[in-house]
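First the structure, in the form of structure tokens, and then the observations on it.
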Amino acid sequence: MSVFMIFRIAFKSLGRNKLRTALTMLGMIIGVAAVITVVALGQGAQESIETQIRAAGTNLITVNAGNFNMGGVRQGQGASNTLTVEDSRAIRHEILGVQFLAPGVNTRAQVIAGNQNWQTRIQGTDVDLPLIRAWPAKYGGFFTPQDVSSAAKVAVLGGVVTETLFGEEVDPVGQIIRIRNQPFKVVGVMTKKGQAAMGEDQDDAIFVPYTTVQKKLSGQQHINNITISAQSANQVGNTADQIAMLLRSRHNLLPGDTDDFMVRTLEEMASVRSEATKTMRALLASIAGVSLVVGGIGIMNIMLVSVTERTREIGLRLAIGARGSDVLLQFLVEAVALSLVGGAFGIGLGFGVSNGLTRVLEWPTFVSPDAVAVAFGVAAATGVFFGFYPARKASGLDPIEALRYE
Amino acid sequence: MHVSTMPVIATQDLVKTYHLGEVQVRALRGVTVSLDPGEFVAVTGPSGSGKSTFMHILGCLDRPTSGKYFLEGRDVSRLSKDELAAIRNRKIGFVFQGFNLLPRTTALENVELPMLYNGGVRTAERHKRARAALEAVGLADRTAHYPNQLSGGQQQRVAIARALVSSPSIILADEPTGNLDSRTSVEVMDIFQMLNIEHSLTVILITHEHDIAEYATRIITFRDGRIVQDRPADSRRIAKRELAAMPVEESV
């Protein structure tokens, strides 16, 4: 019997009981749709992380004071006073791969402008920061090297801060704001950049010269971090290693001592986030996979019922010359047809749900062709796997017994 | 002994023993018989006489425990399952008591069924042969009907057409009138007699009803797994004549 004939017979017998066929398929449809949707969500999350990483700046290296694992006392990054302005100067002058560099001194403060006030991050930094982060100003510009050397009271506002203090679409350049009761002149406003790779809102900050923070605001001599960009992408790793070596020798660390700083590249930070989403994705995908198995069991169940119901039909087919293998193939193809058609509908539904999630909840989703191919393949495999037992049962029937079956 | 054509069926000392746990059931205890082409044979006997087992072996649905069975001169008693399936497909046409038509499948498609398992028959050829078979049983105008739209007699005629369609060596009819009323039974027997006479088809009719057996040309009686009587039908009933004599009814 030709393959075409076998498929025709299978679809015909599935067509004889449409409601049951549809209900059996439903299990498959839901299973496949769940897998497609979950994978699409995972892919979407991955893509959006990558977009954020790219937005953070290219070839980025950060050095934070202190280390998670330093001594017995675990401290947050940037909390210790192991980094100095001299360290950052040494890095700038001694390491060739460094393109831009900005020491960072952070504090938090209440900011007042007119009758508005806002608690935000005060980020002391250097003139290189917009270059490192590829971050243009919306109004005005960044502060100048003269501002840094004179520890001038000038401020560049993040998008969120501007909107809170002055309102949307207002150019506040030239206005005076008060930080810890000291007047600062607004010289610029940054464009909005959104969430950073580690989750903080980059627009909820005020940028001032790091010297200003040290001398006028917090009084601290050490710096919290250094933001660096390497000259090219393939120099990032090498440059990071050289920075670590330089700092170890400057801090007089012996071999075997733990670093009292942390040098990290953007790739590392990205991979931490990806690991987390990967775990989540695997968990969700396995839950979706379970529903696929349940769908498969549904098919097996209905095929077993169908074999029992059609015992006389099987007996007749055997009597008029069907071989055991013909009957096996017929029932196997029926099961595979159920799972494949169900799988096809499931892929459609998965597409729809993914799009709906993106549209209504604004969750990023991406249905990859790979996921569709895998889902379809798994659906077919499920059909074969769960269809085989009932089909073998059918093909093993004794024609005499089967013909007598009431 | 005159020179005759080769018998279509010849058995030598057929024995069939079933093992039901500890108990041995000797369904056939040595059956030797020979049937010529074109014979219309009725096999009768009470239930448990072994006639059903005999039919299963003749129909290649079962194999004898010992003894030999020649179908058109070929020993088929030791063939494999798949070989038997091929023999059933090409050499044997079955007609059952319960019609065994596929539901929700047209008469034409039901008749085409055996040809689906016979490799090389093309679709056009299949339709043509199935139509011819339905015509032969007088159902040319019912090809597109579903079984549930046909009367019992018509359904059995579809089943006969299905048995005919691959031009088998023998037609095996197992209680074909068991589910039919008497008039319809006569109609069905008329079809068998017509096929036997006009198409010289060999028909083997298994029945426990003596009056139905009388439509055959030869009656073989089984008892306790043996043939106890093998005689020509001395007062053969002719279905066509009986139908003509019956009062005209609206067919159901």
Side-chain angles (χ1 to χ4, degrees), chain A residues 1-22 302 305-334 337 391-406, chain B residues 16 18 27 52-53 55-57 59-63 80-106 109-123 126 146-148 159 161-166 168 172 174-175:
Chain A
M1 212 175 356
S2 70
V3 177
F4 172 73
M5 264 338 273
I6 292 172
F7 267 90
R8 236 194 61 172
I9 291 176
F11 277 105
K12 212 164 191 143
S13 37
L14 291 177
R16 278 189 219 143
N17 203 334
K18 291 191 181 65
L19 180 64
R20 182 204 280 179
T21 302
I302 244 32
V305 170
S306 170
V307 167
T308 308
E309 246 182 23
R310 287 152 68 192
T311 300
R312 277 166 72 93
E313 176 192 326
I314 295 162
L316 172 81
R317 285 180 188 274
L318 290 170
I320 62 172
R323 288 166 303 173
S325 55
D326 291 327
V327 173
L328 180 102
L329 217 54
Q330 182 191 336
F331 279 87
L332 202 55
V333 166
E334 274 181 37
R392 230 198 45 178
K393 208 177 147 188
S395 71
L397 287 175
D398 174 31
I400 300 171
E401 296 293 323
L403 280 167
R404 274 198 203 125
Y405 186 86
E406 292 297 327
Chain B
K16 182 71 186 181
Y18 295 106
S52 290
T53 308
M55 187 212 75
H56 292 148
I57 291 174
C60 291
L61 290 165
D62 205 353
R63 282 172 290 200
S80 75
K81 271 190 162 183
D82 282 358
E83 286 169 320
L84 287 178
I87 299 260
R88 290 199 295 271
N89 185 239
R90 280 165 209 164
K91 304 279 182 201
I92 297 162
F94 286 98
V95 179
F96 303 99
Q97 178 174 359
F99 321 141
N100 282 346
L101 299 178
L102 296 193
R104 284 175 247 197
T105 305
T106 62
E109 285 172 318
N110 263 298
V111 175
E112 284 179 11
L113 209 54
M115 290 183 282
L116 294 185
Y117 296 105
N118 177 15
V121 190
R122 291 169 161 277
T123 312
R126 246 190 355 253
Y146 292 97
N148 59 0
R162 183 180 62 197
L164 277 180
V165 78
S166 27
L172 268 180
D174 185 9
E175 305 276 5

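Here the structure is a predicted model, which is why all the values come from computation and not from measurement.
- When every heavy atom of B/Phe96 is checked against every heavy atom of A/Ala319, the shortest pair comes out as CZ-CB, 4.0 Å.
- Rounded to the nearest 0.5 Å, atoms CZ (A/Arg312) and CZ (B/Phe99) are 10.0 Å apart.
- Partners of B/Ser80 under the side-chain hydrogen bond (donor to acceptor under 3.5 Å, both in side chains) rule, at least two apart in sequence or in another chain, are B/Glu83.
- With a threshold of 4.5 angstrom between heavy atoms, B/Glu109 approaches chain A through side-chain atoms but not through N, CA, C or O.
- Across all non-hydrogen atoms, the minimal contact from B/Leu61 to A/Pro399 is CD2-CB, 3.8 Å.
- Counted within 6.0 Å of CZ on A/Arg392, heavy atoms from surrounding residues, nucleotides or ligands total 12 or fewer; the atom is thus considered open.
- With a threshold of 4.5 angstrom between heavy atoms, B/Thr123 does not approach chain A through any atom at all.
- Using a 4.5 Å cut-off between heavy atoms, B/Arg162 contacts chain A through its side chain alone, with no backbone atom that close.
- Separation of atoms CD1 (A/Ile320) and CG (B/Leu116) is listed at 7.5 Å; rounding is to 0.5 Å.
- Taking all atoms of both residues into account, the shortest heavy-atom contact from A/Ala322 to B/Tyr117 is CB-CE2, 3.4 Å.
- Nearest approach of A/Gly324 to B/Asp82, heavy atoms of both residues: N-OD1, 4.3 Å.
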**Request:** Start with the C-alpha gap between B/Asp174 and A/Leu403, add the side-chain angles, then the distance that decides, and say whether side chain to side chain contact (heavy atoms under 4.5 Å, CB included) holds.
**Result:** CA-CA 11 Å; B/Asp174 185 9; A/Leu403 280 167; over 6 Å; no

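- Only the side chain of A/Gln330 comes within less than 4.5 Å of a heavy atom of chain B; its backbone N, CA, C and O stay farther away.
- When all heavy atoms are compared, the tightest approach of A/Arg16 to B/Leu102 is NH2-CD1, 3.9 Å.
- For the atom pair CG of A/Leu316 and CG of B/Leu101, the computed distance is 8.0 Å after rounding to the nearest 0.5 Å.
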